[in-house]
Trainee: 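Here it is, the structure in full.
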4 protein chains.
Amino acid sequence: MQYSIRPATGVPIYQQLRDQIAAGIARGKLRPNERLPSVRDLSQTMVVNPNTIARAYTELEREGLLYTRPGLGVFVAEAPAPASKKVRRERLQKSLDALLVEAVQLGCSSDELMELVAERAKQFEWAESTAG
Amino acid sequence: MQYSIRPATGVPIYQQLRDQIAAGIARGKLRPNERLPSVRDLSQTMVVNPNTIARAYTELEREGLLYTRPGLGVFVAEAPAPASKKVRRERLQKSLDALLVEAVQLGCSSDELMELVAERAKQFEWAESTAG
Amino acid sequence: MQYSIRPATGVPIYQQLRDQIAAGIARGKLRPNERLPSVRDLSQTMVVNPNTIARAYTELEREGLLYTRPGLGVFVAEAPAPASKKVRRERLQKSLDALLVEAVQLGCSSDELMELVAERAKQFEWAESTAG
Amino acid sequence: MQYSIRPATGVPIYQQLRDQIAAGIARGKLRPNERLPSVRDLSQTMVVNPNTIARAYTELEREGLLYTRPGLGVFVAEAPAPASKKVRRERLQKSLDALLVEAVQLGCSSDELMELVAERAKQFEWAESTAG
DNA sequence: GTGGTCTAGACCACA
DNA sequence: GTGGTCTAGACCACC
């Protein structure tokens, strides 16, 4: 997988990397138990300090998306047990509102937004069933 | 209009204010050419440093959402020329992907997400027509 | 509050500090919305690198025990909404088993352990009611 | 005796094995002077590097829980002289406080914790008497 | 070889 | 003044 960092955005490098890895897992580009590049390798490839790479990995491990096998490397975790419907709604609220505010400010119609969401959603890997 | 600041979130105060004003304009609660409270007044009402209020106003002016008439105060700008469909899509891509990644990781199904978006979208004020 | 670090234990400094602050909050020595010493001050007092202090604070913020007000400092958060009984049991399992294994290995009797727990528990601040 | 290793936990493999053997001894599943599987056999059974098995055995020998008869294998040691009550209390303090801090932060009541401890304690094998 | 911890010191955003 | 990010480089534990 390829990672692209834009230093001028103000978004921290470790965050950009974290987001791209998380997206890779969500979209199925990174499979469970797949090994990620080592901190040292990736830091050389991306021309970024090893600590910064390590921080992205650490964040993702805390979130349960990666796990570390000491001495062996960092790996993609199995998909976690699904949260309840209520929890899902609460957690998504913030990102959803951010999207809606942006859409409104851009003069995007409701229909256009729904279409855009549906379109993009096809490219993601969805769980087959959903717990209540 | 009323503004609510949550100090414990880590989101800078000036940005919380900026977002609430921007949302107010987008949702029509603040009308073009309406005058906003003065920096001094608002800083007293909200018990916040005047510099912080000023910064929120400055950001919004830079974005073209407000304009200043020296000696008279700060006002809501006219609605800007709508962006092209292509530009809208590009701008929304980032927030949309963030939402989708979160949804997938929460084990939220595609249908459930669409339903959630549609539901919440009803509560926003949309432009009636959309330029291409 | 006073913090004591034992460098020879193998337990990371940032962890020791984290644990002591967490204990301070649990035992009521640190009150909600109380301000903690600044990273720079504490790093001088404890003769530890500022990054190490910052890491302890960051961990606690992620856990929801502290919050940061940008430019002002770090503060103790309000007590969070209680978890369900089932969740509580699961989360405590690990620490509880560690305690029991240790007790057994030391040749401590079951009664003696219960007595020890009861004794020490009196010194902690307990929630008045418990959600199911 | 069966050993189960969870690679995704971040806990070193040698330590997981060490803990399970120690617990086995404490709970009487492994009897004094009983022979343990050879490093080579166990490393094959568990699909783990022999060095890792050896390290677990070495640690336990250092702690006095195992002893080696060169050319014959590794054996469970006799039960050690019980620690004094004071020593037991001191040693348990740390784990106990960790448990209490967690319980408080989870909103677990004092009674609920005592009940939980008592319940779980029944499943452990306790020494019949305790020296002072 | 792997990641984890700690130090030192620079730079930036926020109030 | 506050904390947050990033770099540089050292040392350790694990496999």
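By convention in this document, chain letters (A, B, ...) are assigned in the order of the sequence lines, proteins followed by strands, and residues within each chain are numbered from 1. Atom set for the values below is all heavy atoms of this structure, side chains included, hydrogens, waters and symmetry mates excluded.
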Trainee: Please give, in whole Å, the distance from dC14(F) P to Glu59(D) CD?
Mentor: 8 Å
Trainee: Is it true that Glu63(D) and Arg18(D) make a salt bridge, defined as a side-chain N closer than 4.0 Å to a carboxylate O?
Mentor: yes
Trainee: Any strand counts, and the cut-off is 3.5 Å on both contacts for Watson-Crick or G-U wobble. Which nucleotide pairs with dC6(E)?
Mentor: dG9(F)
Trainee: Rounded to whole Å, how long is the line connecting atom CZ of Arg18(B) with atom C1' of dC14(E)?
Mentor: 17 Å
Trainee: Are a donor atom and an acceptor atom from the side chains of Tyr3(B) and Asp19(B) found within less than 3.5 Å of each other?
Mentor: no
Trainee: To the nearest angstrom, how far is Arg35(A) atom CZ from dC15(F) atom C1'?
Mentor: 12 Å
Trainee: Give the rounded distance in Å between these two atoms: CD1 of Ile13(A) and C1' of dC11(E).
Mentor: 13 Å
Trainee: Without decimals, in angstroms, what is the distance between Leu17(C) CG and dC6(E) P?
Mentor: 11 Å
Trainee: Hey, is the side chain of Arg40(C) pairing donor to acceptor with the base of dG1(F) inside 3.5 Å?
Mentor: no
Trainee: Out of dT5(E), dC14(F), dG3(F), which nucleotide sits closest to the side chain of Val39(C)?
Mentor: dG3(F)
Trainee: Side chain of Asn49(C) only, heavy atoms from C-beta on: which candidate in dT2(E), dT7(F), dT7(E) is closest?
Mentor: dT7(E)
Trainee: Answer with base, sugar-phosphate or nothing: what part of the nucleic acid does Val48(C) contact at a heavy-atom distance below 4.0 Å?
Mentor: sugar-phosphate
Trainee: What's the closest nucleotide to the Pro12(B) side chain, out of dC14(E), dT2(E), dC6(E)?
Mentor: dC14(E)
Trainee: What nucleic acid atoms does Glu61(A) come within less than 4.0 Å of, heavy atoms only: base, sugar-phosphate, or nothing?
Mentor: sugar-phosphate
Trainee: I need the OH-P distance between Tyr67(A) and dT2(E), as an integer number of Å.
Mentor: 17 Å
Trainee: With the side chain of Thr58(A) defined as its heavy atoms from C-beta on, choose the nearest nucleotide among dT7(F), dG4(E), dC15(F).
Mentor: dG4(E)
Trainee: Tell me: CD of Gln16(D) to C1' of dC15(F), nearest whole Å?
Mentor: 14 Å
Trainee: Looking only at side-chain N and O atoms, does Thr52(C) come under 4.0 Å of OP1 or OP2 in dT7(E)?
Mentor: yes
Trainee: Salt bridge check, Arg31(C) against Glu34(C): does any charged N sit closer than 4.0 Å to a carboxylate O?
Mentor: no
Trainee: What about Asn51(C), does its side chain sit under 3.5 Å from the base of dG9(E) through a donor-acceptor pair?
Mentor: yes
Trainee: Tell me whether the side-chain N/O atoms of Tyr14(A) come closer than 4.0 Å to OP1 or OP2 in dT5(F).
Mentor: yes
Trainee: Expressed as a whole number of angstroms, how long is the span from Leu36(A):CG to dG3(E):P?
Mentor: 10 Å
Trainee: If we ignore hydrogens and angles and just use 3.5 Å, is the side chain of Arg35(C) paired with the main-chain N or O of Leu72(C) as donor and acceptor?
Mentor: yes
Trainee: With nearest nucleotide decided by heavy atoms, which residue, Leu72(A) or Pro50(A), maps closer to the 5′ end of DNA chain F?
Mentor: Pro50(A)
Trainee: With DNA chain E as reference, determine whether Gln15(C) or Asp41(A) sits nearer its 5' end, using the nearest nucleotide of each.
Mentor: Asp41(A)
Trainee: Could you go step by step and tell me if Tyr14(A) and Asn49(A) meet the side-chain hydrogen bond (donor to acceptor under 3.5 Å, both in side chains) rule?
Mentor: CA-CA 10 Å; Tyr14(A) 81 91; Asn49(A) 188 291; over 6 Å; no
Trainee: For Arg55(A) and dT5(F), is the shortest distance between a side-chain N/O and OP1 or OP2 below 4.0 Å?
Mentor: yes
Trainee: Within the side chain of Gln105(D), is there an N or O that forms a donor-acceptor pair under 3.5 Å with the backbone of Ala26(C)?
Mentor: no
Trainee: For dG1(E), take OP1 and OP2 only and decide whether either is under 4.0 Å from a side-chain N or O of Ser38(A).
Mentor: no
